[in-house]
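There's a structure below that I have some questions on.
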Number of protein chains: 2
Amino acid sequence: MTEQPAQTTTAGDPATARGEQTRQLIRDTAMRLFRERGYAQTTMRAIAQEAGVAVGNAYYYFGSKDHLIQEFYAQSQVEHRAAAQPVLDREEAFGPRLAGVLHAGIDVLTPSHGFAATFFKTAAEPTSPLSPFSAESSGPRQAAIDLFGEVLTGSTAKVDAELRPQLPELLWLAYMGVILYWVHDRSPGQTKTRQLIDGAVPLVDRLVALSRLRVLRPVTRQVLDLIRTLRH
Amino acid sequence: MTEQPAQTTTAGDPATARGEQTRQLIRDTAMRLFRERGYAQTTMRAIAQEAGVAVGNAYYYFGSKDHLIQEFYAQSQVEHRAAAQPVLDREEAFGPRLAGVLHAGIDVLTPSHGFAATFFKTAAEPTSPLSPFSAESSGPRQAAIDLFGEVLTGSTAKVDAELRPQLPELLWLAYMGVILYWVHDRSPGQTKTRQLIDGAVPLVDRLVALSRLRVLRPVTRQVLDLIRTLRH
DNA sequence: GTCGGTAGTTGAACACGTTCAAGAAGGGCG
DNA sequence: CGCCCTTCTTGAACGTGTTCAACTACCGAC
């Protein structure tokens with residue numbers, strides 16, 4: 001229950017609902033404390049106190065402590081898109097484009113490695129609205145998938161016609177895998193995740209190129225059929 | 001802190017420490033309630049009450065509510081091993097052996113799909129001792145990896161010499177992937193997970209066979225090098 | 001200007017996981 | 001039997017996320 005209010009934010013209405021300021025204040029305070037102390041160590045009481053509001057007020061805007069995470073989620077996606085822009089402008093070949101966008105994603109997340117790691121557990125719960133697969137986060141998810149669509153459309157790569165429509169989502173899935181690795185990555189500066197990207201991208205690149213080969217056509221088909229079956 | 005006591009259970013000493021009975025009573029009660037009500041809906045107070053002990057007593061044996069999950073974890077692994085035995089006795093080819101063992105794993109987990117799903121989130125947290133990658137669960141993990149080792153050693157498959165030592169762990173990783181899909185699988189009876197297994201196993205089978213081809217040797221090497229780099 | 005309704009705000013209260021100081025039970029040893 | 005030490009057990013108390021009935025602030029309508 002406890003719906004997010006700002007249904008009014010349908011389109012550009014500058015001075016929207018009265019509480020918009022409070023909403024942002026609470027969100028920003030929460031993000032700051034998460035970064036400073038970590039997710040578990042940040043209490044709702046602390047957020048409310050630092051923001052100068054009552055505890056219940058935070059719950060008026062955000063259904064739960066977990067919902068504050070979704071805010072981080074959306075914010076990161078926007079930053080990722082922005083950080084990817086130079087890469088999309090600069091690179092033309094598929095491989096470098098993909099690598100650049102993946103690196104940009106990790107760049108954006110890196111300052112939050114400490115607390116982001118702990119909260120991705122919540123994202124893993126299927127019933128949670130925070131799951132990257134859930135309906136509730138379909139907005140940021142679609143934006144992310146679209147970003148990988150741009151990786152593809154802007155590139156010079158020739159892709160199998162059947163594979164092409166599926167590929168953006170598959171690349172996004174691979175990105176989720178990279179993030180899963182990154183979350184568990186204890187190497188200093190998460191350098192291993194960087195190695196993962198640099199090592200895996202050429203393989204993906206080659207695999208995509210191979211998908212057009214006549215000999216491999218049946219395999220490509222088989223894989224794509226399986227994927228189509230497994231999608232919900 | 002709060003170590004699990006029964007260090008004494010090194011080998012077969014039948015009437016071990018005094019509290020062993022209590023320990024099992026609490027564990028069994030917890031498992032029953034988890035199945036009946038789900039993980040989140042089962043309170044520690046309820047477990048204690050149903051087991052007829054004080055709340056604090058449960059914490060004497062299990063460091064936290066999450067630690068009770070690890071018990072489920074270990075128990076499932078043992079059941080999986082047992083359920084896989086007929087398959088390993090019956091099948092000789094790599095593909096059917098792998099498929100059989102994967103299906104056996106899902107068979108064991110199926111009755112707990114409802115609550116297992118919610119608790120796998122805890123397993124996803126890197127800092128948690130419950131993570132399948134953590135040191136604390138290295139016991140069950142190694143047992144699981146060994147099981148996939150048996151899938152391989154007992155089979156007639158010819159495997160690339162360099163790939164062979166890595167393969168059991170890779171198969172286990174794939175199994176983790178299957179479980180991740182299963183956790184999110186909302187299809188009735190989780191039939192899609194079954195389709196995933198039946199669809200993916202032939203592909204894996206073919207891939208393993210291809211790894212021996214001279215033409216693909218460089219790629220195989222490249223992949224294996226990457227994996228070796230990424231292991232912690 | 002006042003009235004009414006919506007949007008926003010409050011903080012005490014609840015249920016939960018967890019901790020801990022206190023005690024009980026058991027057993028080896030004189 | 002009495003002593004001591006380890007193992008086990010207790011339940012009140014703490015801090016947490018969350019709820020909710022009550023209250024206030026604002027704004028349009030008359």
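Numbers restart at 1 for each chain; the letters A, B, ... are given by sequence-line order, proteins then strands.
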Whether B/S187 side chain and B/T191 backbone form a donor-acceptor pair below 3.5 Å: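 Judged by distance alone, yes, a pair lies under 3.5 Å.
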A/F62 atom CZ is separated from C/dG8 atom P, nearest whole Å, by 13 Å
- Under the ring pair (Phe, Tyr, Trp, His ring centres under 6.0 Å) test, which residues partner A/H103, sequence neighbours left out?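 Ring pair (Phe, Tyr, Trp, His ring centres under 6.0 Å) list for A/H103, sorted by chain: empty.
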Which of C/dT10, D/dC8, C/dA7 is nearest the side chain of A/V53? It is C/dT10
| said: Classify the ring geometry of A/Y175 against A/F148: parallel below 30°, tilted from 30° to 60°, perpendicular beyond 60°. | reply: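 Ring orientation of A/Y175 relative to A/F148: tilted.
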query: Whole Å only: how far is the CD atom of A/Q49 from the P atom of C/dT9?
result: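 About 18 Å, once rounded to whole Å.
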To the nearest angstrom, the CD1-P distance between B/I26 and D/dC8 comes to 11 Å
Practice prompt. Give a yes/no on whether any side-chain N or O of A/Y60 is located under 4.0 angstrom from OP1 or OP2 of C/dT9.
Written response: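 The answer is no; no side-chain N or O of A/Y60 sits under 4.0 Å from OP1 or OP2.
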Check whether any side-chain nitrogen or oxygen of B/T22 sits under 4.0 Å from OP1 or OP2 of D/dT9, and answer yes or no.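 Yes.
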| query | For C/dT10, does either OP1 or OP2 sit under 4.0 Å from a side-chain N or O belonging to A/N57? | reply |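 Result: yes.
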Could you list the protein-to-nucleotides 13-18 of chain D atom pairs, N/O on both sides, closer than 3.5 Å?
{"residue": "D/dG17", "atom": "OP1", "partner": "A/T42", "partner atom": "O", "Å": "3.4"}
{"residue": "D/dG17", "atom": "OP1", "partner": "A/K65", "partner atom": "NZ", "Å": "2.9"}
{"residue": "D/dG17", "atom": "OP2", "partner": "A/M44", "partner atom": "N", "Å": "2.9"}
{"residue": "D/dG17", "atom": "N7", "partner": "A/R45", "partner atom": "NH1", "Å": "2.8"}
{"residue": "D/dG17", "atom": "O6", "partner": "A/R45", "partner atom": "NH2", "Å": "2.8"}
{"residue": "D/dT18", "atom": "OP2", "partner": "A/Y59", "partner atom": "OH", "Å": "2.8"}
{"residue": "D/dT18", "atom": "OP2", "partner": "A/K65", "partner atom": "N", "Å": "2.7"}
{"residue": "D/dT18", "atom": "O5'", "partner": "A/Y59", "partner atom": "OH", "Å": "3.4"}

Checklist entry - Does the side chain of A/R81 come under 3.5 Å of the side chain of A/Q85 through a donor N or O and an acceptor N or O? => result yes
Task: A/I179 and A/M176, any side-chain heavy atoms less than 4.5 Å apart - done: yes
Between A/P168 and A/P165, the two heavy atoms sitting closest are CD-O, 3.7 Å
